[in-house]
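These values consider heavy atoms only, across backbone and side chains, with no hydrogens, waters or symmetry-generated copies.
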Amino acid sequence: MWSTSMEELSTSNQQFASFLIQRYPEVKERFPGEGRRRWKLRVAQQFWQQRPHFAPTIPLPDVSTGTAHVEDSDPLDCMSTERPELGLIVRTDFSDEDAWTSFCSRLEAGEREFVETIAEDQVANDDPVPTEQTLDHADDHAGEDDEDDEGPPKIFYYINPSSPEQRASLLNISNLTALRLLNDVYVKPAPSPPQGTRRIKIPNRLVDFNGWQEIYTGKQIWIYDCKSNFDQCVRLVSQRGDMYGTATGDSWRARVSHICELQVHIYSGTIKIDFGGLDRWDGYERQRNMAEAEHSQHIV
């Protein structure tokens, strides 16, 4: 399930929706075979290259004229949108197999324990709603034959390639790169600064660029990096900056023992990571993402 629906995005920002509908077919024709996400990234790049006053004057879209930007396939759909799991664990460090194996074992044990706890609460309360609300997406795809039940539904899908080429493509990637690979880009109006607060001095598309912000929709991404080998934590990657000054791609480290519960509650909408209005996201990763966005002059 996408954390932000396309209907919600279209309602909040019909300007980029119109721009996307207009430009997407041409981009798709010029770069055949790339896939939906890359095509949309190219359109977004065109959007950012327009004069500041241009975007708000685009005619409102007639969505009936084109939905290919939603319906087209992408080479990585098989490990993202088409997967039944709720979240994606992306391995970006391959230097310690024992640490990775330990992490996966602890996570799988946490998945079983969490599902068992929900089942026990359901029996105790005689109320099936919580399980349906949080795990229905995984249950729908867990198997077509109930008699072939192989255990509780999985909460996470592991992206852990085996070939050297595939591993090299994920090695130490940034949060922004992971979002661009596995989520779909969109552009919405940036959050409004609090009263008395000035806009950022150096515009950046991940925070505020002429009143707009680049965001992503898709499965929740959790990144296993070199630090994970030692602290058994992963980076929880945000898909948008909800408070002014925070950025798309922000992250913070969550322990393996906590991420099952976090993922399910994020998916169901019962919790939102906002630190009570404080900015406690990882500053290093934010600067890394923002620098990468600034150098995204073209999509290769």
Side-chain angles (χ1 to χ4, degrees), residues 1-50 55 58-88 90 135-144 153-154 156-157 159 166 169 176-189 205 212-221 237-240 248-249 263 266-269 296 298-300:
M1 175 179 172
W2 288 10
S3 59
T4 305
S5 69
M6 294 306 298
E7 292 81 6
E8 178 185 348
L9 290 172
S10 296
T11 300
S12 64
N13 176 22
Q14 292 190 348
Q15 303 299 343
F16 181 72
S18 178
F19 191 89
L20 183 60
I21 289 173
Q22 291 177 8
R23 300 295 181 92
Y24 184 87
E26 177 188 352
V27 168
K28 179 180 176 180
E29 183 177 357
R30 287 183 59 196
F31 301 95
E34 285 192 338
R36 182 189 69 254
R37 292 191 178 96
R38 184 62 64 96
W39 291 327
K40 291 171 73 172
L41 283 168
R42 291 187 182 278
V43 173
Q45 183 62 26
Q46 292 180 10
F47 183 86
W48 292 121
Q49 291 172 339
Q50 305 303 317
I58 302 171
L60 295 181
D62 176 5
V63 295
S64 65
T65 63
T67 56
H69 62 284
V70 176
E71 299 172 351
D72 279 344
S73 63
D74 188 88
L76 297 185
D77 280 346
C78 62
M79 62 179 65
S80 53
T81 55
E82 294 176 358
R83 295 295 313 179
E85 295 84 0
L86 308 184
L88 307 174
V90 184
L135 295 178
D136 61 342
H137 187 64
D139 286 337
D140 288 344
H141 298 271
E144 296 182 359
K154 295 292 185 181
F156 293 102
Y157 176 66
I159 298 179
Q166 291 176 321
S169 69
L176 181 59
T177 295
L179 287 169
R180 289 178 169 178
L181 286 173
L182 299 165
N183 278 194
D184 285 65
V185 69
Y186 210 80
V187 179
K188 72 171 185 67
R205 67 181 68 180
W212 300 94
Q213 182 183 74
E214 182 171 293
I215 67 169
Y216 289 83
T217 63
K219 300 278 180 126
Q220 184 70 60
I221 295 174
V237 180
S238 70
Q239 296 168 312
R240 62 198 297 170
T248 297
Q263 174 61 79
I266 290 172
Y267 172 82
S268 66
S296 299
H298 58 83
I299 305 297
V300 296

Has the side chain of [X] got a donor or acceptor atom that lies under 3.5 Å from a matching backbone atom of [Y]?
{"X": "Q239", "Y": "G218", "answer": "yes"}
{"X": "Q22", "Y": "A17", "answer": "no"}
{"X": "R180", "Y": "V185", "answer": "no"}
{"X": "K188", "Y": "R240", "answer": "no"}

Locate the shortest heavy-atom distance separating [X] from [Y]; write the atom from each residue and the value.
{"X": "F47", "Y": "V187", "answer": "CE2-CG1, 3.6 Å"}
{"X": "G35", "Y": "P75", "answer": "CA-CD, 3.9 Å"}
{"X": "E34", "Y": "R38", "answer": "OE1-CG, 3.0 Å"}
{"X": "N183", "Y": "T217", "answer": "CB-O, 3.2 Å"}

Check your understanding: Quick one: are the ring centres of W212 and F16 less than 6.0 Å apart?
Key -> no

Can you list everything that forms a side-chain hydrogen bond (donor to acceptor under 3.5 Å, both in side chains) with [X]? Sequence neighbours excluded, please.
{"X": "Y157", "value": "none"}
{"X": "T177", "value": "S174, E292"}
{"X": "E29", "value": "none"}

Between atom [atom1] of [X] and atom [atom2] of [Y], what is the distance when rounded to the nearest 0.5 Å?
{"X": "I159", "Y": "L76", "atom1": "CD1", "atom2": "CG", "answer": "7.5 Å"}
{"X": "L88", "Y": "L182", "atom1": "CG", "atom2": "CG", "answer": "6.0 Å"}
{"X": "R23", "Y": "S18", "atom1": "CZ", "atom2": "OG", "answer": "10.0 Å"}
{"X": "R205", "Y": "W48", "atom1": "CZ", "atom2": "CH2", "answer": "6.5 Å"}
{"X": "D184", "Y": "Y216", "atom1": "CG", "atom2": "OH", "answer": "10.0 Å"}
{"X": "E82", "Y": "K219", "atom1": "CD", "atom2": "NZ", "answer": "10.0 Å"}

**Study point:** Side-chain H-bond candidate by donor/acceptor type, R36 with T81, under 3.5 Å
**Key:** no

Exercise for review: Any chance you could lay out the side-chain contact (heavy atoms from CB on, under 4.5 Å) test for L20 and K40, step after step, and finish with the verdict?
Suggested key: CA-CA 7 Å; L20 183 60; K40 291 171 73 172; 4.2 Å; yes

Review point. Any ion pair linking D77 and R37 (charged N to carboxylate O, less than 4.0 Å)?
Key: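 So R37 pairs with D77 through a salt bridge.
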
**Study point:** F31 six-ring face occupied by R42 cation (under 6.0 Å, within 45°)
**Key:**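 Yes, R42 lies over the aromatic ring of F31.
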
**Study point:** Pairwise side-chain contact, Q45 with E214, heavy-atom cut-off 4.5 Å (strictly under)
**Key:** no

Practice item. Could you pull out all residues at least two apart from Q166 that satisfy side chain to side chain contact (heavy atoms under 4.5 Å, CB included)? Key: P161, S163

**Study point:** Counterpart residues, salt bridge (Lys or Arg N to Asp or Glu O under 4.0 Å), relative to D72 (two or more places apart)
**Key:** K28

